[in-house]
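Beneath this line is the structure, given in structure tokens, with notes to follow.
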Amino acid sequence: GKMDFVIQISEFNNIDSFENTPVEVRVSKAKNLSITLDKNINTLNGRTVNNADWQLIDHPIFYRFIYIGNNRKFLANTTSSIGVESILSVEEGKEGFFTLKTSIMANSGGQTNYANDNASMEIFYKNNNNYNKP
């Protein structure tokens, strides 16, 4: 089913990011999760998003979101939100948990504080639909 979410990235140290070291957010892949980035949307689930400022790159292990706004410079004391649209594919009758993990790439934008670079959420899923049954 559809499972959309917003990733919020903030700069709190009053320092612009380094131009040659782009800010990069990674989302771990799961075999049953597909992610897309619609650069034309400004809101997702009622929240303002800045998708036009981000580029999605598909990698074998994770999805990479690279900040491309403002000539790739993430300004001091600003926040940017990524509206991620995704589909979680689950076989009929299956249920379980998977962990959605996001992280800021080390040294991303020239950062110096790594204490809050990772976030995760455990998601319970259950497919009890009978679409193909008479």
Side-chain angles (χ1 to χ4, degrees):
K2 194 167 174 59
M3 187 186 77
D4 299 338
F5 56 95
V6 175
I7 301 170
Q8 184 174 314
I9 301 90
S10 299
E11 195 295 312
F12 294 119
N13 292 326
N14 199 28
I15 302 170
D16 291 347
S17 70
F18 298 157
E19 290 182 45
N20 297 334
T21 312
V23 173
E24 180 176 330
V25 178
R26 294 179 175 182
V27 176
S28 297
K29 282 191 170 181
K31 67 179 179 176
N32 54 344
L33 181 68
S34 62
I35 285 179
T36 58
L37 178 69
D38 183 347
K39 294 175 95 36
N40 296 312
I41 65 169
N42 297 314
T43 60
L44 183 66
N45 298 332
R47 292 190 57 189
T48 300
V49 295
N50 312 98
N51 285 9
D53 292 340
W54 293 89
Q55 175 183 15
L56 173 61
I57 299 172
D58 195 358
H59 182 275
I61 301 171
F62 42 79
Y63 295 97
R64 298 173 60 203
F65 292 91
I66 309 293
Y67 184 74
I68 59 171
N70 197 41
N71 295 319
R72 297 185 180 263
K73 183 183 272 190
F74 203 97
L75 297 178
N77 300 315
T78 61
T79 295
S80 184
S81 297
I82 308 168
V84 181
E85 297 174 305
S86 68
I87 301 291
L88 180 64
S89 301
V90 178
E91 291 180 45
E92 184 179 327
K94 298 286 183 176
E95 65 180 55
F97 291 91
F98 86 93
T99 303
L100 180 67
K101 298 177 185 178
T102 61
S103 61
I104 301 283
M105 186 177 137
N107 300 319
S108 189
Q111 73 176 33
T112 56
N113 180 359
Y114 305 103
N116 59 355
D117 285 356
N118 300 296
S120 64
M121 177 180 288
E122 190 170 67
I123 297 170
F124 173 74
Y125 59 85
K126 181 176 184 176
N127 183 347
N128 58 0
N129 293 322
N130 295 310
Y131 293 122
N132 296 324
K133 300 213 173 166

Separation between CZ (Arg26) and CZ (Phe65), nearest 0.5 Å, reads 12.5 Å

Scanning both residues in full, the closest heavy-atom pair of Val23 with Ser17 reads CG2-CB, 4.1 Å

- Task: Answer yes if Phe62 and Ile82 sit in the same cluster of Ile, Leu, Val, Met, Phe, Trp and Tyr residues linked by side chain heavy atoms under 4.5 Å apart, and no otherwise.
- Result: no

Exercise for review: Check the hydrophobic clustering (I, L, V, M, F, W, Y; side-chain heavy atoms under 4.5 Å; chains of links allowed) and say if Met121 and Phe98 are grouped together.
Suggested key: yes

Tightest non-hydrogen contact, residues Leu100 and Val27, listed as CD1-CG1, 3.8 Å

Interatomic distance, CD1@Ile35 vs CG@Asp4, rounded to 0.5 Å, equals 10.0 Å

Query raised in the report: Got Glu11 and Asn77 here, is their nearest side-chain heavy-atom distance under 4.5 Å?
Result: yes

* Can any side-chain N or O of Glu92 pair as donor or acceptor with the backbone N or O of Lys94 at less than 3.5 Å? -> no

Got Ile9 and Ile104 here, is their nearest side-chain heavy-atom distance under 4.5 Å?
yes

Here the gap from Glu85 atom CD to Lys2 atom NZ, rounded to the nearest 0.5 Å, amounts to 5.0 Å

Can you hop from Ile7 to Leu88 via hydrophobic side chains spaced under 4.5 Å?
yes

Shortest non-hydrogen pair, Ser103 vs Asn118, comes out as CB-OD1, 2.9 Å

_Using a 3.5 Å distance criterion without hydrogens, assess whether the side chain of Asp53 forms a donor-acceptor pair with backbone atoms of Ser80._
no

Closer than 3.5 angstrom, by distance alone: can the side chain of Ser108 be matched with the main-chain N or O of Pro22 as a donor-acceptor pair?
yes

Give the table of side-chain donor-acceptor pairs shorter than 3.5 Å for residues 68-76, with sequence neighbours excluded, one pair per line with atom names and distance.
unit_1 : atom_1 : unit_2 : atom_2 : d
Asn70  : ND2    : Lys73  : O      : 3.1
Lys73  : NZ     : Glu19  : OE2    : 3.4

So, Asn51 side chain and Gly83 main chain: donor-acceptor pair closer than 3.5 Å or not?
yes

_Let me check something: do Leu33 and Val25 share a hydrophobic cluster, defined by ILVMFWY side-chain heavy atoms less than 4.5 Å apart, either directly or through other members?_
yes

- Query: Side chains of Tyr67 and Glu24: does their closest heavy-atom pair fall under 4.5 Å?
  - Reply: no

Nearest heavy-atom approach of Ser81 to Val6 is CB-CG1, 3.8 Å

Pair up each side-chain donor or acceptor in residues 37-47 with any protein partner under 3.5 Å, not counting sequence neighbours, and list the distances.
unit_1 : atom_1 : unit_2 : atom_2 : d
Asp38  : OD1    : Asn40  : N      : 2.9
Lys39  : NZ     : Trp54  : O      : 2.2
Arg47  : NH2    : Gln8   : OE1    : 3.1

Query raised in the report: Can you list the steps and then say if Met3 with Ile123 is a side chain to side chain contact (heavy atoms under 4.5 Å, CB included)?
Result: CA-CA 10 Å; Met3 187 186 77; Ile123 297 170; 3.6 Å; yes

Exercise for the section: Establish, yes or no, whether the cationic atom of Lys29 lies under 6.0 Å from the six-membered ring centre of Tyr63 and within 45° of the ring axis. Expected result: yes

- Task: Verify the neighbour count for atom CD of Glu91: are there more than 12 heavy atoms of other residues, nucleotides or ligands below 6.0 Å?
- Result: no

If Ile, Leu, Val, Met, Phe, Trp and Tyr residues are connected whenever their side-chain heavy atoms lie under 4.5 Å apart, and connections chain through other members, are Leu56 and Phe5 in the same group? yes

